[in-house]
Amino acid sequence: MKMRRALIGLLVIAMLAWLGWHSWRGRTVPAKPVSAAADSAGAGVKAIRLFFGAANGDSLVSELREMVEPSSLHDRVTMLVRELDRGPRGRGVAVLPAGTSVIHVYLDDRGLLTLDLSGAFRQRFRGGSTAEYLAVASLVRTLGANLPEVERVLVVCAGRPLATLGGHLPLDRPLDFSDWL
Amino acid sequence: MTPGAAETGPGSVPPMSRPHFRRAMAAFVLVALAFLALGADWRTPPPGEGPETIPVQRIDGEGYVAVNDLARILDATKFWRADVRKLVLRVGPHTMVFTVGNPFVLVDDATYWLGVPVRSKGGEVHVPVALVDSLPVDSTLARLIYDGRRNRVVVLPASGIVGSPRFTLTEEVTRLVFPAERADEAVVVTRARAHFRVRFSGVFIGALPDSMPAPSLVRAIRPIASAGGSAFELAVDPGARGYRLLQDVDARRVTLELSRSGGEGYEEFAPQDPKGERRLHVIVIDPGHGGGDAGVVSSEVAEKDLTLTLARLLEAELEGQGVRVVLTRSDDLDLAPEARAEIANRVGADLMISLHFDGYVDPRARGATAYSPPASVAEGRSRLEAGTASGAPAAASRVTLLPWRDVSTRHAVQSRALAEAVLSSLELRGLGPTRLREHLPCELLGVNAPGILLECATLTASQDRERVTQEAGLKQLAATMAQGVAAYRRNE
């Protein structure tokens, strides 16, 4: 009788142990590496953060926008500049000179992005130092917020160095995101 | 037992694992600090500061986060396959695959059970909040913590967090020790005593003291806006002679050390004036724009004409204070910035004020803005240790090389004082609102004197334009600015 009870007890313990092991195994099942491309249909969508000028000219205001993410760096920068040119959907104001577009971008191995903008950037700029400050800040902060591989930006215009946009702030050196609040 | 084995007894840590242990402990302390900071209302950062959060929604009693929120905070790209109701999030090297109705998530090469299925609500995929425990931990991915008390997911960015500073005080030295996950990315950005600024790449989650005990060389500390990460502005006691920033990457802490005696190993603060009245013999006034460069034109009012008229009025006001005034132009000429700087340097200017009128795309923007050179640690400067090349011991004398272009940053402290004095004067007369931007303007490139660029009013704002296009308004502006210069001279 005692032997029979002991056998039943052992059987119950073994079953519980098997169930426990099976349950634990189910929680972390090794799986095959995932090929994201196989699961992807078309292009991906990503939230981008754009910076526009505040209406009172004091600062920048940011806005989120969902966009289809381009694959190349050139296309991503082009998309960001295009969205800045299109202007805000919220409470900000567009400060990038109208018609500004990207001609070329080059990223070096130290995170310096050389951004060649169309002549409209220089030619269509109007305003004083506040317009100038916020136009550059809007551009630089938008690039910084969406391109983690970029550390600094050197702005050139129509393939030539750009000393300044409106005559108040020098652009002859690479710009650090943190200097443009 | 080998000598090596003798060191690894009970209660001790094997030598090889000590750095890892320290890092793990430091990470644990930082995460614990994060929880402490988020767990008490009085320490919770105000909106717009501190870590970002996203709401957790209750669906059938279980916690879920909306996948659009999740993708945004992880900076992920979304791929949706409607036919199989599958959503893929991709962040750098990581991939997460969710299927609506399925309680499993595929994260890179592992499958995790989330307890409850992924749901679709209001046309948007919602993911069980348990996911935050299954995400990989590395520098490419923001870390997420579920804060059950607030029912929100807190985002600790890849750039890490910065905790509350701990103060260590002696008569000689004041130390501020910041817990910081990216200690190597801390940097001093402004070295003026009155506005000493340190920037971190991580997000600040701690608290700052309201007051400082007696021997402290820090009079006050406050968080300031920063483009990414966090930054602090300190008011440093004038008795401090030097500072240094010590970055301990392994211990994940940054120590800012301020010393009363300075010397070897310490950086110098930006030069500042002695107390008492400032010397003002020659002031250069630069009427902005001119010639073919009309500047801002609004309702047929040209900036270049207004700046010249204002310059003449200000010249008369300042000459009344016994100061010699030199104008960079007295006609409608377009001068290059180099020519304006050359005039200021040639006459040995004690001050340079470049006059402008602002313009903006929105007519609601109005008021005055001053630009003063930053007291930054100049980029690309180099230090030569005297005697090092000749084999002699490195002496205390050092030479700082500064590009001539940036020479006005040597006068950053005085320039800011001038900007504050003039803007304060404008505010008192109701000629604001005023703004101060510490940014080196073109007009001060190569100017070896304290100076500012002043946008005296905004021409695109009708209220400002009407005021400065009247003779009385322009005279009032000139008189107010002269009062600001006088306050600067008194060194109040």
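Remember, predicted model here, so these are calculated numbers, not experimental data.
Taking 4.0 Å as the cut-off between side-chain N and carboxylate O, K78(B) and E66(A) count as a salt-bridged pair. Under a 4.0 Å N-O distance rule, the pair R173(A)/D406(B) qualifies as a salt bridge.
For the pair E455(B) (side chain) and G128(A) (backbone), a donor-acceptor distance under 3.5 Å is absent.
When G166(A), A131(A), A163(A) are compared by the number of non-hydrogen pairs under 4.5 Å with chain B, A131(A) comes out ahead. The candidate from D362(B), T460(B), T77(B) with the greatest count of non-hydrogen atom pairs under 4.5 Å with chain A is T77(B). Ranked by heavy-atom pairs under 4.5 Å with chain A, the list V361(B), D75(B), N68(B), L444(B) is led by D75(B). Options P374(B), P363(B), G359(B), A461(B) differ in how many heavy-atom pairs under 4.5 Å they form with chain A, and the most are formed by G359(B). Looking only at heavy-atom pairs under 4.5 Å with chain B, the residue among A47(A), P170(A), S129(A) that has the most is S129(A).
Of the two parts of R126(A), neither the backbone nor the side chain holds a non-hydrogen atom closer than 4.5 Å to a non-hydrogen atom of chain B. Contact of L445(B) with chain A is made through the side chain alone, with heavy-atom distances under 4.5 Å. In this structure, chain A has no heavy atom under 4.5 Å from any part of A71(B). Residue L134(A) touches chain B through its side chain alone, counting heavy-atom pairs closer than 4.5 Å. Neither the backbone nor the side chain of D83(B) comes within contact range of chain A; no heavy atoms are under 4.5 Å apart. For chain A, the nearby part of T369(B) is the side chain; its heavy atoms alone come within less than 4.5 Å.
Put simply, the side chain of V45(A) does not reach to within 4.5 Å of the side chain of F79(B), judged on heavy atoms. Under the 4.5 Å side-chain criterion, counting only non-hydrogen atoms from C-beta, R199(B) is in contact with S178(A).
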Please report the C-alpha distance between D358(B) and E132(A) in whole Å, then the side-chain angles of each, then the deciding distance to 0.1 Å, and finally whether the side-chain contact (heavy atoms from CB on, under 4.5 Å) criterion is met.
CA-CA 10 Å; D358(B) 216 345; E132(A) 185 175 350; over 6 Å; no
side-chain contact (heavy atoms from CB on, under 4.5 Å) evaluation trace for Y360(B) with V95(A):
CA-CA 9 Å; Y360(B) 189 54; V95(A) 283; 3.5 Å; yes
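We find the CZ-CG distance between R435(B) and D58(A) to be 4.5 Å, quoted to the nearest 0.5 Å. Considering NZ of K46(A) and CG of L74(B), their distance stands at 10.5 Å, rounded to 0.5 Å. The CZ atom of R437(B) sits 4.5 Å away from the OG1 atom of T130(A) when rounded to the nearest 0.5 Å.
Contacts between residues 135-147 of chain A and chain B, counted as heavy-atom pairs separated by less than 4.5 Å, involve R141(A).
The side chain to side chain contact (heavy atoms under 4.5 Å, CB included) with C442(B) is formed by just one residue from the set L171(A), D172(A), T164(A); it is T164(A).
When all heavy atoms of G57(A) and A365(B) are compared, the closest pair comes out as N-CB, 4.0 Å. The shortest heavy-atom contact between H168(A) and E443(B) is O-OE1, 3.7 Å.
Applying the ring pair (Phe, Tyr, Trp, His ring centres under 6.0 Å) test to H439(B) and every residue at least two apart in sequence or in another chain returns Y133(A), W180(A).
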